[in-house]
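Step one of this worksheet: look at the structure below.
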Protein chains: 2
Amino acid sequence: MSTRVPQERRRRRPTRSGILLSEDLIVETALRLIGEHGPEALSVRRLGAALGCDPTALYRYFHGTDDLVLAIADRIIGDAMAGFVPGDDWVASLREMALRVRAGYLAHPRAAALAAHRVTRRRNEIRAVETGIGLLLTAGFEPADAARLYLAFIDTVLSHAATEAAFHALPRQQREADHRAWRDVYQDLDPATYPALTAVRPELAGMADSSFPQAVDLLLEALAARARALTRRPTAP
Amino acid sequence: MSTRVPQERRRRRPTRSGILLSEDLIVETALRLIGEHGPEALSVRRLGAALGCDPTALYRYFHGTDDLVLAIADRIIGDAMAGFVPGDDWVASLREMALRVRAGYLAHPRAAALAAHRVTRRRNEIRAVETGIGLLLTAGFEPADAARLYLAFIDTVLSHAATEAAFHALPRQQREADHRAWRDVYQDLDPATYPALTAVRPELAGMADSSFPQAVDLLLEALAARARALTRRPTAP
DNA sequence: ACATTGGGTCAACCCTGTTGACGTAAGGCG
DNA sequence: CGCCTTACGTCAACAGGGTTGACCCAATGT
């Protein structure tokens with residue numbers, strides 16, 4: 001019974017445990033499940049149990065797991081960008097965009113990890129591109145540069161966010177093992193063959209931390225420097 | 001029988017079908033399997049079948065699926081970095097590292113999707129970290145900064161490379177559809193609500209190109225600027 | 001030549017997503 | 001009001017996943 005998922009449903013019939021299913025309720029329950037019990041808690045059976053219905057009832061609302069994940073991703077995008085208005089400071093605005101995207105992904109890592117590399121081409125994405133390129137244009141960049149530089153910026157942000165989300169989407173054991181790896185493995189290395197690692201050994205514990213803000217800062221630093229160079233020589237060869 | 005995976009094996013016993021198992025052979029077969037039939041084709045049972053052995057024989061070589069994935073990831077790193085020697089120019093060397101990692105991922109796009117954001121804690125990865133941090137130390141950064149900045153650099157490189165690999169791993173139809181979708185969607189937008197996009201419309205065709213070199217250049221630009229600031233004021237407050 | 005034991009094999013367990021059949025109750029309609 | 005259709009919740013079952021413990025053969029050191 002794969003396929004036809006109707007747009008509007010007329011016959012609303014309570015489950016054995018008394019609740020009324022709906023697309024929204026399922027998506028919300030799925031997000032809650034992930035938030036409470038970790039990303040690995042999202043399975044059709046567990047979702048059914050959390051909803052108080054037979055797991056296969058979900059197939060009346062979504063074609064399959066993938067369809068459900070896309071529905072979840074759609075909501076994440078909307079939530080992340082909701083209420084954002086770019087300010088006068090284009091660097092600060094780009095930074096806030098970056099942090100919002102990252103926060104949206106991290107709020108729901110597993111869904112983000114699954115949907116990150118897809119092109120949504122929906123309204124929220126289009127508006128984000130409009131906003132970002134607009135900011136670079138006000139910074140003084142030529143249209144061609146604004147487009148190219150925005151692409152480099154947003155690709156970095158999205159890639160980083162997706163990577164972080166993917167890491168958070170790992171099963172807890174693997175996640176913690178990766179975390180510990182920097183402490184354990186990298187601590188006792190032969191100083192002769194690994195001089196640089198030995199020199200920075202006290203700092204290696206921090207390698208498990210996120211590099212997202214640092215990377216965004218570096219990128220914005222380079223963009224600001226290029227913008228300053230522009231205003232100094234408005235029409236360069 | 002989870003656990004003890006010996007470093008060197010002495011008793012090499014052929015499988016029922018006559019082949020001799022080895023860690024390398026398993027990793028290579030896994031890479032071939034993923035390359036031919038996609039990441040979802042990698043399962044213990046299928047890998048056993050491809051190797052001509054009982055699936056559970058793999059547990060003599062790897063603690064579990066995760067361990068195998070890490071071995072694959074490290075193999076990709078090793079292949080990419082094979083023969084690399086850092087030169088005198090630390091910026092150029094970091095750029096070559098970035099391009100090598102990217103090339104390695106693109107060589108195995110589908111495997112890269114699995115392995116990209118893991119800490120392999122194996123030899124090839126450790127050597128790469130040693131090399132990268134060493135380059136930043138020769139650039140004049142303090143140990144703490146070198147570690148943090150390298151993390152930001154390599155995370156950006158790995159994230160970008162993973163994103164590109166994921167895109168290349170898509171079926172051709174879907175890839176080209178995404179490619180076209182960008183042009184199509186952004187073609188006829190209302191100039192009033194999307195002024196910036198309208199201003200850069202001729203440049204939007206290039207949005208489908210890779211932003212990898214651009215992003216790496218921006219990052220290295222920021223790093224070089226910080227290094228210059230260091231040498232100007234060797235001991236800043 | 002023999003004891004040791006590494007490691008290939010097998011059967012079994014519990015988890016997944018997904019499907020087709022079944023029946024019940026909800027809602028339209030006379 | 002009551003019938004008839006059918007939406008949809010339920011159930012059983014299947015195929016495939018990772019992982020484990022027991023088994024036992026043969027390769028190796030002595």
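Atoms considered below: every heavy atom in the structure, side chains included; atoms not considered: hydrogens, waters and symmetry mates. Every chain is numbered from 1 and lettered A, B, ... according to where its sequence line falls, protein lines coming before strand lines.
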Could you tell me the separation between the CZ atom of A:R60 and the P atom of C:dC22, rounded to a whole number of Å? 14 Å
A:Y59 atom OH is separated from C:dT18 atom P, nearest whole Å, by 4 Å
Decide, yes or no, whether a salt bridge links B:E96 with B:R100 under the criterion of side-chain N to carboxylate O below 4.0 Å. yes
Rounded to whole Å, please give me the gap between CG in B:L68 and P in D:dG18. 10 Å
What is the distance, to the nearest angstrom, from the CG atom on A:L21 to the P atom on C:dA25? 16 Å
Under 4.0 Å between a Lys/Arg side-chain N and an Asp/Glu carboxylate O for A:D217 and A:R95? yes
Assess whether one donor atom and one acceptor atom, taken from the side chain of B:T56 and the base of C:dC10, lie less than 3.5 Å apart. yes
Atom CZ of B:F62 and atom C1' of D:dT20 are separated, to the nearest Å, by 19 Å
Check this one for me: any side-chain N or O of A:S43 less than 4.0 Å away from OP1 or OP2 of C:dT16? yes
For A:D54 and A:T56, does a side-chain donor sit closer than 3.5 Å to a side-chain acceptor? yes
Measure from NE2 on B:H63 to P on D:dT20 and round the result to the nearest Å. 11 Å
Heavy atoms from C-beta onward define the side chain here; which of D:dG18, C:dT18, D:dT10 lies closest to that of A:T15? D:dT10
For B:T193 and A:R127, test the side chains for any donor-to-acceptor distance below 3.5 angstrom and give the result as yes or no. no
Between CD of A:E23 and C1' of D:dG9 the distance, given in whole Å, is 17 Å
Identify, between A:R46 and A:D54, the residue whose nearest nucleotide on DNA chain C lies closer to the 5' end. A:R46
Report yes if at least one side-chain N or O of B:Y61 is closer than 4.0 Å to OP1 or OP2 of C:dG8; otherwise report no. yes
Interatomic distance, A:R45 CZ vs C:dC15 P [rounded to whole Å]: 9 Å
